[in-house]
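Naming convention: chains lettered A, B, ... in sequence-line order (proteins, then strands); numbering from 1 in each chain. From a predicted model like this one, the values you see are computed outputs, not experimental measurements.
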Amino acid sequence: MDTAFSKEDLAFQKEVRDFIHNNYPQSLRDSINAKRKNGEDLSREDFTDWHKILGKHNGWSAPSWPKKYGGAEFTPTQKYIFEQECAKAECQYVMPFGVNMVGPVIYTFGNDEQKEKHLPGILSGETFWCQGYSEPGSGSDLASLKTSAVKEGDHYIVNGQKTWTTAANHADWIFCLVRTNPDAPKPQQGISFLLIDMKTPGVTVRPIYLMDGSNEVNETWFDNVKVPEENLIGEENMGWTYAKFLLAHERSGIAGVARSKKAIERIKQIAKSEMSYGEPLIQDPAFQRKIAEAELELKSLEYTELRTLAKDSAGKGPGPESSLLKIKGTDIQQRVTELAMEAVGYYSNPHLGSTLSNEFVGPDYAANLAGSYFNFRKASIYGGSNEIQRGIISKMVLGL
Amino acid sequence: MDTAFSKEDLAFQKEVRDFIHNNYPQSLRDSINAKRKNGEDLSREDFTDWHKILGKHNGWSAPSWPKKYGGAEFTPTQKYIFEQECAKAECQYVMPFGVNMVGPVIYTFGNDEQKEKHLPGILSGETFWCQGYSEPGSGSDLASLKTSAVKEGDHYIVNGQKTWTTAANHADWIFCLVRTNPDAPKPQQGISFLLIDMKTPGVTVRPIYLMDGSNEVNETWFDNVKVPEENLIGEENMGWTYAKFLLAHERSGIAGVARSKKAIERIKQIAKSEMSYGEPLIQDPAFQRKIAEAELELKSLEYTELRTLAKDSAGKGPGPESSLLKIKGTDIQQRVTELAMEAVGYYSNPHLGSTLSNEFVGPDYAANLAGSYFNFRKASIYGGSNEIQRGIISKMVLGL
Amino acid sequence: MNFDFTEEQTLLDNMVTSFVRDNYDWETRCSIVKTEEGWKHENWSQFAELGLLGVPFSEEHGGLGGSPTDLMIVMEQFGKGLVVEPYLPSVILAGGLITNLGSKEQTNEIVPKIISGDRRYVFAYAEHQSRFDLFDVKTSAVKDGDNYVVNGFKSVVFGAGAATHVIIAARTSGDQRSKKGITLFIAETGSQGITLQNYPTIDEYRASEVIIENLILSKDSILGDIDEAYDAIEEEIDKSTIAACAEALGILEVLKDTTTDYCKNRKQFGQPISKNQVIQFRLVDMMMEYEQAKSILYMAITSDLSDPIERRKAVSALKSRMGQAIKFVGENAIQLHGGMGMTEEYMVSHYFKRATMIGVLFGNVDYHMKRFIDLTQSNIEKLEN
Amino acid sequence: MNFDFTEEQTLLDNMVTSFVRDNYDWETRCSIVKTEEGWKHENWSQFAELGLLGVPFSEEHGGLGGSPTDLMIVMEQFGKGLVVEPYLPSVILAGGLITNLGSKEQTNEIVPKIISGDRRYVFAYAEHQSRFDLFDVKTSAVKDGDNYVVNGFKSVVFGAGAATHVIIAARTSGDQRSKKGITLFIAETGSQGITLQNYPTIDEYRASEVIIENLILSKDSILGDIDEAYDAIEEEIDKSTIAACAEALGILEVLKDTTTDYCKNRKQFGQPISKNQVIQFRLVDMMMEYEQAKSILYMAITSDLSDPIERRKAVSALKSRMGQAIKFVGENAIQLHGGMGMTEEYMVSHYFKRATMIGVLFGNVDYHMKRFIDLTQSNIEKLEN
């Protein structure tokens, strides 16, 4: 047993740290901080600036991709280090839809034309992707999706509605699960994996506002949208297979350990400034205890993730640990947002992002903490709700 | 809204308090305390001494029974006061099997001979009853019971095995659910309610030791036991109805509020004596918090019980609140036994009741606290497990 | 022993219920919170007409002489409707202070105007460093001849934007955290020396930062005795805490019922999600939390609030237990609604947000748990059984 | 980065696993705990033959020079078998103290005899008032010429009845709760002046009250420097805490697996109870608790134990998190077994009891949580990222 980094790993850590230090734009930091304070949504540029910089540096925008497709092809340990350093430096994360989701599907199941056409833009951050899976009424029961794609000549005609489409308002392309055979004996059969240009006539995006007032997700409507047949990935009616591959593929970072660590550090800093019973809140035993419990859970989770990584490195292949990482990771994210809100007492009340006011009140660090708590209730719902994840473990690990 | 006691209630409270003060035997207190310290099981006399004294005083051994059967026929408020006072004075509780269980079944569904024969002994505490419901393998699925009673002339021949029979080692009589019609279309049909004299040939009792070493429960075996037909309660094959009546009948005190209150007081006293970080444990914020949380839950439960009582008093009839009272009541009992164990630190280790040693070590108050924690894990299992209770609420209250 | 409403209380309950049903449907409510002011003057007039503004005041001033139970009835229904008009901060809290401390002249002048709806008072007590400690007051009032000069900063004053007057807790003597030396002053919100920075709260109510710079007030604007306001402040905040918990209980009832209905109707994998045992048990646990929260509210309402020790114990027991129920019922309501629960469009999120912020109001779980502990464990010898 | 065993470790693991399988079936184990002494000398001899008694000791003394990982391997398998022989208190804890503090002469004399099984040492540290504070020592050693006279009372000394020698923590200077002034003395358990009151523990192990009255010891019986034992005590208790948590992890694995199997086989209402979604999710949560507990054990094992600050943080993180896992997995194992889980006859209750008492050993959740907080939050500026 050994969790110490090798010399090579330590050198890599320094390389990443230096690269971030020298290349992460201060303007991006300022822009994001200002928006957090004013409760505004991030712009497309906020999402892509860092992605574009990484894309120009040895494929660092795509840590898992094989080198032959321009990726960084990091080892699991390198990926872990890279995420740690990005989180420590509070870098804006690279949106997963292109790099972690559709990219691997394209280079695994796509044809050469598709690889040539799509991979470079994903890598560079020029093309902004979103994911069209969920539909109204389908929720966790993804296979019940209804959006139809009917072949007409060399096109598919797509009709239907996707929902909870994160960042569809910024996206150039969407990858969709669509029903190509409504008569298939099982709902999982008859689904295809289709890439759709968001600028195609008939595609409409409508914002969904979450309870904190943010517009992260959208409804995406398809009204007789003509999609060229060359945008079909792999075989028709095999989309469910690709979707499952994608779910199992990218587990690294799913637990969000490094970012939660940083968030706890931030809470400790807030708790030094906030007063409680006439002393810094950080001295309050009840609050201390909650911080410590979150830290212990996180420390455990960090090693659960490291054990998984080590298994991957040893070529032992992934198990259904991703469900555990997802459940515990989101649980901690939620606890941490709650603690932050709690730390600032009455100053969790002001809603700075409201259209009615953007005057800033209260201490800087209090901005949007309640909003963040409310927003993060999504974490145990999205990406397969934590109930669905427990069902997966029950079936796949315990055989119940 | 008014939770103040009326003048009459206050007078009754004083009467109960005085009666306990003047009549509760010091010898019984001593005997029970000695057994607690040495980890010995209570004797039959320990269980019945107080019962017998109450039985001679206006039917106070049977607070709910109608006066015409010799009971006290307390109002709900009086029952509440009576339980409070008994708990405050740490009186040994009256075993429920006769007074709260079979008694009401007999005076509601039994014939005059049965009433005359059985009620006086239950009331006076002369006859010790136990309950024959559970069987190996039946557990929470009570209706799957297999013990058979076959009519032969004017007798039933009973064969089978009951388990978890509390106090069967002390009991004179057992009331049993037995299967009289194995061919009934539903398992709930074909069950009868039978009273069996424990001295009948063929009845064998074998002790079951619980994990704390105590012998509270037993296996009770029936090997061609001849039971006179006059011991059948009500109609043949209608036993399930009587059993359900019995379950709904006695909710008063099910939450054990008064006794848990007393137990928390005792923990506070222990925590004054035990040292932690060089100061009394009662000053430790983490321990204080756990006590307070238990107190708040208990305070809420007390008022949930009072609301139920008030509903009863107003003749509005009981709802399925008994399940809520059972779940929350046992949850608190378990928390409290855990806190007590925790309070004494290393002195939770000595097992005084062992056959190998009964030398007393450590402070008096530490005796058997771990045993009590382990023993009380039963509380969320017996009387319909807390999972079963949630199922009842789900179905009966929420209609799910 | 009974937990029934009197006939008058049942009438009050019906009246408020009707008001919410008829005048506060969801669409109306959403349009109110989007207005500049964030509340509706006509509703306030109607409260006046219905006598609601007089509930806590004595009959001699034209009020109903209502009890905590009456206020509970009003607030529980307001909770069910997410009524945003500043009834709690102005009628209950500020009104309570005026009744508690006002001279005969003051109450004779002020109370009828509150009841008629002509004036709304709010109480500015919190400061950034005070958190929930009501005695932690930096805002100073310095005597200057017959006048006082007040300087300070009050945080998150609910309803101040809608108020005609503000009651300011200021220090006239003692250290920053001394209970003695706090005096209350009444000022018009438009006074020279008062600046309000109004903003909406995350749960769509309104609050203000109150900046006080060289505000000059005469002796007559003092409410109660100089240096001696603390006990009344604590008492009225305690009573307002009970009212806030009644509002929370109304909200929790909606959350629990809405979620149960949603689960019965929402289908996944070919059946209502309420057929999942895990969801059934979660709904059961939500129901039990609701019942326990209701019980502890009834405990507080029926306790002897005239005894300060009893009152403090009851209120802190209530607020900390209610806070736990808010978290459990609120978070699970969102979880069981899934994505729909996350949206601004769907009403469940608004109930969750309001309940959560009531959890902070007048002290969160930790604060009241500590206060309860200090009252019940620090001096164990004096404990009654 | 890897979490694999070396080849030698795999061999050790296999050896201990075989021992438990072949020599420690359930019936054998139950017969051992019912004997007068409560442990089996033959097993100890076999430990000696297998080299297990030498795992933590240096090779120059005939030991294996084992690491914390090696001890984890032994203790995890001992946990799975509920092995009751006093390996933890005598080989790991007392053995660790001797290695840590013993002079060359002492270690040369003692360690080979521990490894051969001829002697067993235990460490008497706890006193009633000390709870888990290792520096809280009332037991006194007063110099009297070349000798020391020791008086005091040591609580709940595990394995003392089986020991040939006892190491006593006594105060030679300083206040009762001063870290400086604690000295360790070695005495034969049969010495005049030592009385052992032996008893079984609730989890079927053995412990003793050690009463020390005018025990006269020579200077030579001192282990380490006078007044300076505290750091070594803390270090060795910390290392023993890791070993105890490895035992707990083995136990939790059995509890989780046994319960999962039981639920698959136990039928109620015509189907295995594992078909109930609520039970499935509970088993999933038990599995996740087990995995998280395993992870934090691996964290502690791979942390830099030579750095006292790192060691304390890691050990307290481990023990408090493990304590939570013990409660969750243990209580749910009993609950899901229903009545069967409650009985002495069925093995699950014995695993639950042992795990629970490990939760108390060397400090419970609250104690280690506070220690972790004091190490990580009291001086936030020095925190590393």
Side-chain angles (χ1 to χ4, degrees), chain B residues 1-6 9 75-77 80-81 84 87-88 258 261-262 265 268-269 271-272 280 282-283 285 287-289 291-293 295-297 299-311 313-314 321 323-324 327-328 331 386-387 389-395 397-400, chain C residues 1-6 9 67-69 72 256 260 263-264 272 274-277 279-289 291-304 313-314 316-318 320-322 324-325 365-366 368-370 372-374 376-378 380-381 383 385:
Chain B
M1 289 212 193
D2 186 10
T3 52
F5 288 139
S6 68
D9 291 335
T75 65
T77 304
Y80 172 77
I81 290 169
Q84 289 266 334
K88 274 187 205 168
K261 254 192 203 175
K262 191 79 200 176
E265 285 313 311
K268 286 183 178 176
Q269 293 299 338
K272 274 179 66 186
I282 192 78
Q283 310 286 2
F287 199 76
Q288 287 181 327
R289 172 86 179 224
I291 292 180
E293 284 180 352
E295 280 185 304
L296 293 192
E297 200 58 41
K299 186 57 87 179
S300 302
L301 187 61
E302 183 178 7
Y303 276 75
T304 301
E305 193 178 32
L306 288 174
R307 285 165 56 208
T308 312
L309 279 179
K311 232 169 114 184
S313 306
E321 292 90 347
S323 291
L324 192 163
I327 293 169
K328 291 284 175 187
D331 177 53
N386 287 6
E387 286 83 5
Q389 303 296 342
R390 281 189 170 80
I392 291 171
I393 297 177
S394 167
K395 199 172 158 191
V397 184
L398 302 182
L400 302 176
Chain C
M1 184 168 48
N2 78 82
F3 294 94
D4 300 324
F5 291 163
T6 61
Q9 286 169 343
S67 66
T69 306
M72 176 186 86
K256 143 184 104 65
T260 305
C263 292
K264 283 180 184 174
S274 64
K275 290 296 164 197
N276 290 287
Q277 196 186 31
I279 287 179
Q280 292 175 348
F281 277 37
R282 199 89 58 86
L283 290 168
V284 168
D285 285 339
M286 288 167 72
M287 179 279 250
M288 292 199 296
E289 276 295 289
E291 292 294 337
Q292 290 284 81
K294 184 171 185 168
S295 292
I296 202 131
L297 175 63
Y298 281 19
M299 179 283 293
I301 289 277
T302 58
S303 67
D304 181 3
K313 280 205 289 202
S316 281
L318 165 61
S320 48
R321 185 62 188 80
M322 185 63 75
Q324 293 169 17
V365 171
D366 280 2
H368 280 286
M369 195 72 87
K370 182 168 163 26
F372 181 77
I373 289 167
D374 290 344
T376 53
Q377 292 183 29
S378 59
I380 193 174
E381 281 79 9
L383 285 178
N385 283 330

Next on the checklist: Between Glu297(B) and chain C, with a heavy-atom cut-off of 4.5 Å, which part of the residue counts as in contact: side chain, backbone, both or neither?
Outcome noted: both
Checklist outcome for this item: Heaviest contributor of heavy-atom pairs below 4.5 Å to chain B, chosen from Val284(C), Asp285(C), Asp366(C), is Val284(C)
Checklist entry - Side chains of Phe372(C) and Gln288(B): closer than 4.5 Å at any heavy-atom pair? => result no
Checklist entry - Between the side chain of Ser394(B) and the main-chain N/O of Arg390(B), is any donor-acceptor distance below 3.5 Å? => result no
Item to check | Charged N-O contact under 4.0 Å between Lys313(C) and Glu295(B) | outcome: no
Item to check | Structural part of Lys328(B) lying under 4.5 Å from a heavy atom of chain C | outcome: side chain
Checklist entry - So do Ser274(C) and Lys264(C) actually touch side chain to side chain, heavy atoms under 4.5 Å? => result yes
Item to check | Contact leader toward chain C among Thr77(B), Asp9(B), Leu306(B), where contacts are heavy-atom pairs under 4.5 Å | outcome: Leu306(B)
Item to check | Side chain, backbone, both or neither of Met287(C) within contact of chain B (heavy atoms, under 4.5 Å) | outcome: side chain
Checklist entry - Relative to chain B, which segment of Met286(C) carries a heavy atom at a distance below 4.5 Å: side chain, backbone, both, or neither? => result neither
Checklist outcome for this item: Answer key: most heavy-atom pairs under 4.5 Å with chain C among Ala271(B), Gly391(B), Ala292(B) is Ala292(B)
Next on the checklist: Please classify the contact between Thr69(C) and chain B as side chain, backbone, both or neither, with a heavy-atom cut-off of under 4.5 Å.
Outcome noted: side chain
Checklist entry - So what's closer than 4.5 Å to chain C heavy atoms on Ile327(B): side chain, backbone, both or neither? => result side chain
Next on the checklist: Is any side-chain heavy atom of Ile291(B) closer than 4.5 Å to one of Thr376(C)?
Outcome noted: no
Checklist entry - Based on non-hydrogen pairs under 4.5 Å, which of Thr260(C), Leu318(C), Asp304(C), Leu283(C) is most in contact with chain B? => result Leu283(C)
Next on the checklist: Checking Val365(C) now: which residues fulfil side chain to side chain contact (heavy atoms under 4.5 Å, CB included) with it, not counting sequence neighbours?
Outcome noted: Arg289(B), Ser320(C), Gln324(C), Met369(C)
Item to check | Interface residue of largest heavy-atom contact number with chain B, from Lys294(C), Met299(C), Lys370(C), under 4.5 Å | outcome: Met299(C)
Next on the checklist: Heavy-atom cut-off 4.5 Å, strictly under: side chain, backbone, both or neither for Glu387(B) against chain C?
Outcome noted: both
Item to check | salt bridge (Lys or Arg N to Asp or Glu O under 4.0 Å), paired with Glu289(C), selected from Lys256(C), Arg321(C), Arg282(C) | outcome: Arg321(C)
Item to check | Largest heavy-atom contact set with chain C, pairs under 4.5 Å, which of Ser300(B), Ser6(B), Ala4(B), Pro285(B) | outcome: Ser300(B)
Item to check | Heavy-atom side-chain contact between Phe5(C) and Met72(C) under 4.5 Å | outcome: yes
Item to check | With sequence neighbours excluded, residues passing ring pair (Phe, Tyr, Trp, His ring centres under 6.0 Å) with Phe3(C) | outcome: Tyr298(C)
